Structure formats: structure tokens, C-alpha cells
Amino acid sequence: MSRCLELARRGLGYVNPNPLVGCVIVHNNEIISEGWHVAIGQAHAERMAILALKDRSILSECDLYLNLEPCSHFGKTPPCADLILEHQFKKVYVGLLDPNPLVAGSGIQKLQEHGIQVETNILADECLTLNRFFYKFHTEKRPFVTLKWAESKDGFLAPLPIQRFQISGVGTTEITHALRLEHAAILVGVETWNIDQPLLSNRLFEGPSPKKFVLDPNLRGNYTIDSEVVVFNRKKTESNGLIQYVQIEEFDMLQGIMRFLCDHQLNSLMVEGGSKTLQSFIDANLADEIHTYKSKTGMIGGGIEAPKHQFDKINEVDLPDDIHMKFNRIS
Ligand code: AOF
Ligand code: ZN
């Protein structure tokens, strides 16, 4: 199952809003084939692992491992449960059930009804963490929200008057770009947009960049750069070259944004600033995960304070100039 999770990660950034899935085929305690879901619309992990094998006659003597329940529906691809049945695997080991209402237990049920042994709940926590976007999207009908910021040793994001200010040091760019690769959407508030003119793209790793959004209720943004951006606002819906203005009509603007992202099948949102925007996601109880880089020596001595939260710290990594902390919402 660990190997399945490792293989599944190869689809990072390419599979949204689908899950990351890896598959391993085992014969006499030896891995004889592997596969993973490469990209949205393409074959599922099980099919890839089966197709990768030349001699499929021995599959009835094999076990199949998979971090997500095999699907049982016709989507962009035919049901994997049928494929597993066709080859009469001895036993199927499944990490976690699929929360997609089109599957939700029916894949496993189908295998069992046809006499295939199934064991579930293997490395369940790891499976859930890997596919946290997919689970959030199907169980709560909203994107998974990750916040990220860098703060000085004394807890500030920037001095006043506000200006572009580099706080974090060596090793933090890699983490930021890896997070950008993984997320379907990215958002900043209008002040951060105007002051930093951030690219918000993944430029370090092979793979896609998230779709870019700015939260700009009163249209105060300076949109001169020639890259695609969606501007959430209160005034107009209009397309102007690469800039798309989307008027949010809901009283609660963040809820409106969540609905828009959900309607557009964007299952994960990374928010990179500024302090007011980050805090508004925390206060609305919409943040799920927080990453901070806290400088070990850099002091600002006043200015824009870092957002406040009561999340659980689940990890801390010592970088050369900063401490990278990861927090989860208290469930
Ligand atoms: C699997 N193995 O590798 C994946 C599964 O539109 P489709 O046909 O690609 O189906 C997408 C749904 O299939 C997705 O929402 C999830 O329920 C399941 N994904 N299932 O057996 C896989 N990626
Ligand atoms: Zn499938």
C-alpha cells in the first residue's frame, strides 16, 4: 500500500478533480506490475497496472493493491471493478472507500458478490491525507483550502507603509512551488496583487500551475500583466482579454467563491495572502491546512501582523533560515 501511495503521487497536479491512485499487482509475494492514474480523463490505476503486464494469464493467482476503492461506474473510463472481475484476482487490498456517490462502496460490493476477497482500511490515514482534496470535495461539496504565509520572528508579515518584503529564505520556495503544483486554484487579495504583482505559478517542478484568482470586491486591482487571471468582485461579470471578472452575488463573498470553484470542478484552493484575506478564511471556518515559514532571526518590529488561528501543529521542519510549520484544522 505504501508503494501504491508512492505511485499515486506521480499524478500530483495532473489528476484534479480526480483522486490520486496507485496500483500494485503481487504474485507469490513479489510485485510484478505497477500503475497509476496519470491524468484526468486517462485510464485508471488498475487498468494501467494490468495493461503494463504482458502475460495476463497469471492474474487469477495474483493479489491487487489499490489506495482507493475500484470504481463501478461508467465515467470517462469504464468500471475498474469489472476489469478486476474479468481477471479473477485472488484478493484485492483497498486503502479507503471512494467518497464519490457514484461509487461509495459499490465497487467493493460488486467484487465481494462475485466471490473476490476484499480487505479495506489499509494505511487509512495516509490514504486520506493524500486524497484530502478529493474527500473534502465529495463529502462537503467545497474545495480544500490551504493557507500559506511567511512571518518574521516577531510575528509580522510586512512593515508599514506596506511594500513588497522578502521574509523567508533558503528552501521555502521549493515548498511553495510544490504546494502550487498540487492545488487546482490559487488566490490572493487585491492589496497583495497590487504590491507584490505575484506570478503565483509553479516554476520549479514539472507539472501544471494552479488557476489564478484575485479577491477584489471593489475593483481596485492593477491588471496589466499578460497572464490569465479571474477577478472575484461585487460589480461586474465580464471578459477582457486574459482577465475574467466574476461578480459574486452571495451576501457572504467567500461562500460565493467556494460555490464558483466547486461549480468549476476546482477541488483545492491555495491562499497566499495578504493577512486580511488569510484571516477571513480562518474566521469563516473555511481553512483546512496552514503552512507558515517563521524566520529564525529576521525581525520587523511592527507592521502587518500575521493571521491568528487555533489550528493543531502537526509538523515542524528546521530550514536554514526559517521553521516550516504545518497546521491542520481542529476537527
Ligand atoms: C479507480 N481508479 O485510478 C481512479 C478512480 O471520469 P472517470 O472515469 O475518470 O472517473 C472518475 C471517478 O473515478 C473519480 O471521481 C473517482 O470516483 C474514481 N477514480 N477510481 O478505480 C482510479 N482515479
Ligand atoms: Zn476506475
Side-chain angles (χ1 to χ4, degrees), residues 1-26 31 33-53 59 62-89 91-114 116 118-124 126-144 182 184 207-208 261-268:
M1 195 55 73
S2 301
R3 180 63 183 154
C4 288
L5 292 169
E6 220 173 275
L7 293 165
R9 291 183 67 79
R10 296 186 182 173
L12 270 177
Y14 293 100
V15 301
N16 291 331
N18 268 1
L20 293 156
V21 187
C23 176
V24 162
I25 297 175
V26 174
I31 293 181
S33 192
E34 299 181 330
W36 65 95
H37 187 37
V38 175
I40 176 90
Q42 296 191 18
H44 288 177
E46 310 82 311
R47 196 169 298 276
M48 295 296 283
I50 291 169
L51 290 180
L53 204 59
L59 287 180
C62 293
D63 293 335
L64 183 133
Y65 290 75
L66 197 62
N67 59 294
L68 186 86
E69 171 184 8
C71 68
S72 50
H73 68 297
F74 284 87
K76 294 183 191 73
T77 63
C80 295
D82 291 354
L83 186 69
I84 293 172
L85 283 177
E86 191 186 308
H87 292 288
Q88 284 296 310
F89 280 88
K91 186 162 176 182
V92 175
Y93 294 87
V94 170
L96 269 187
L97 258 64
D98 186 337
N100 182 349
L102 293 171
V103 186
S106 62
I108 287 173
Q109 195 184 343
K110 193 163 190 180
L111 296 182
Q112 287 171 332
E113 279 171 3
H114 288 80
I116 293 192
V118 182
E119 189 176 322
T120 57
N121 263 326
I122 303 160
L123 295 185
E126 288 87 337
C127 291
L128 183 61
T129 301
L130 182 75
N131 276 315
R132 61 203 186 288
F133 302 168
F134 180 69
Y135 280 91
K136 177 67 67 177
F137 196 60
H138 280 290
T139 55
E140 294 183 35
K141 302 283 172 269
R142 73 159 174 89
F144 187 96
E182 201 175 348
L261 297 174
C262 219
D263 290 351
H264 290 79
Q265 298 288 303
L266 296 162
N267 66 1
S268 44

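Predicted model only: the values in this text are computed from it and were never measured. In listed order, ligands and their atoms are each counted from 1.
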task = Identify, by atom number and element, the atoms of ligand 1 in contact range of C80, meaning under 4.0 Å from any of its heavy atoms.
result = 21 (O)
inquiry  = Just to confirm my output: which protein heavy-atom neighbour is closest to atom 18 (C) of ligand 1, and how far is it?
reply    = D98 OD2, 3.5 Å
Test of proximity, C71 against ligand 1: N or O pairs below 3.5 Å = yes
ask   = Is it true that H73 lies under 4.0 Å from ligand 1, counting heavy atoms only?
value = yes
query = Counting only N and O atoms by type, is there a donor-acceptor contact under 3.5 Å from the side chain of S268 to the main-chain atoms of A184?
reply = yes
task = Check whether any heavy atom of E69 sits under 4.0 Å from an atom of ligand 1.
result = yes
query = Is there a side chain to side chain contact (heavy atoms under 4.5 Å, CB included) between H37 and L20 once you walk through the steps?
reply = CA-CA 6 Å; H37 187 37; L20 293 156; over 6 Å; no
remark   = ligand 1 to P70, heavy atom cutoff 4.0 Å, flagged ligand atoms 21 (O)
note = Here the pair of heavy atoms bringing S106 nearest to V103 is OG-O, 2.6 Å
key: Non-hydrogen atoms of W36 and G11 that approach each other most closely   = CD1-N, 4.3 Å
Sub-4.0 Å atoms of ligand 1 with respect to non-hydrogen atoms of G75 = 6 (O), 8 (O)
inquiry  = side chain to side chain contact (heavy atoms under 4.5 Å, CB included) for L66 and V21? Distances and angles first, verdict last.
reply    = CA-CA 7 Å; L66 197 62; V21 187; 3.8 Å; yes
inquiry  = Under a 3.5 Å distance rule, please check whether N67 uses its side chain to pair with a backbone N or O of C127 as donor and acceptor.
reply    = no
ask   = Short list, please: which atoms of ligand 1 are under 4.0 Å from a heavy atom of V21?
value = 3 (O), 4 (C), 22 (C), 23 (N)
remark   = The protein heavy atom nearest to atom 14 (C) of ligand 1 is N18 OD1, 3.5 Å
ask   = Any idea which heavy atoms bring C4 and C23 closest together, and the distance?
value = SG-CA, 4.0 Å
query = Which of the atoms in ligand 1, numbered in the order shown and given with their element, are less than 4.0 Å from a heavy-atom of T77?
reply = 8 (O)
inquiry  = Below a 4.0 angstrom heavy-atom separation, can you tell me which part of F134, side chain or backbone, both or neither, approaches ligand 1?
reply    = side chain
ask   = In Å and rounded to the nearest 0.5 Å, what is the CD to CD1 distance from Q265 to I40?
value = 8.0 Å
Proximal protein heteroatoms (N, O or S) of the Zn ion (ligand 2), under 2.8 Å = H44 ND1, C71 SG, C80 SG
key: I25 and F89: CA distance, side-chain angles, deciding distance, side chain to side chain contact (heavy atoms under 4.5 Å, CB included) verdict   = CA-CA 9 Å; I25 297 175; F89 280 88; 4.0 Å; yes
message = Closer than 3.5 angstrom, by distance alone: can the side chain of R132 be matched with the main-chain N or O of T129 as a donor-acceptor pair?
response = yes
ask   = What are the two closest heavy atoms between A81 and K110, and how far apart are they?
value = CB-CD, 4.3 Å
message = I need the nearest protein heavy-atom contact for atom 20 (N) of ligand 1: residue, atom name and distance, please.
response = H44 ND1, 3.4 Å
ask   = Is the shortest distance from a Lys or Arg side-chain nitrogen in R3 or E6 to a carboxylate oxygen in the other one below 4.0 Å?
value = yes
inquiry  = Return the closest protein heavy atom for atom 3 (O) of ligand 1 as residue, atom name and distance.
reply    = A45 N, 2.8 Å
inquiry  = Measuring from atom 2 (N) of ligand 1, which candidate in H37, E46, Q42 has the nearest non-hydrogen atom?
reply    = E46
query = Short question: side chain of N16, backbone of E182 - any donor-acceptor pair under 3.5 Å?
reply = yes
remark   = atom 19 (N) of ligand 1 sits nearest the protein heavy atom P19 CG, 3.6 Å
Distance in Å, E86 CD paired with H114 NE2, rounded so as to fall on 0.5 Å steps = 12.5 Å
message = Give me the residue, atom name and distance of the protein heavy atom closest to atom 6 (O) of ligand 1.
response = K76 N, 2.8 Å
key: Gap separating the OG1 atom of T139 from the NZ atom of K141, nearest 0.5 angstrom   = 7.5 Å
message = Looking only at protein heavy atoms, which one is nearest to atom 15 (O) of ligand 1, and what is the separation?
response = N100 ND2, 2.9 Å
key: Heavy atom of W36, distance to ligand 1 below 4.0 Å   = no
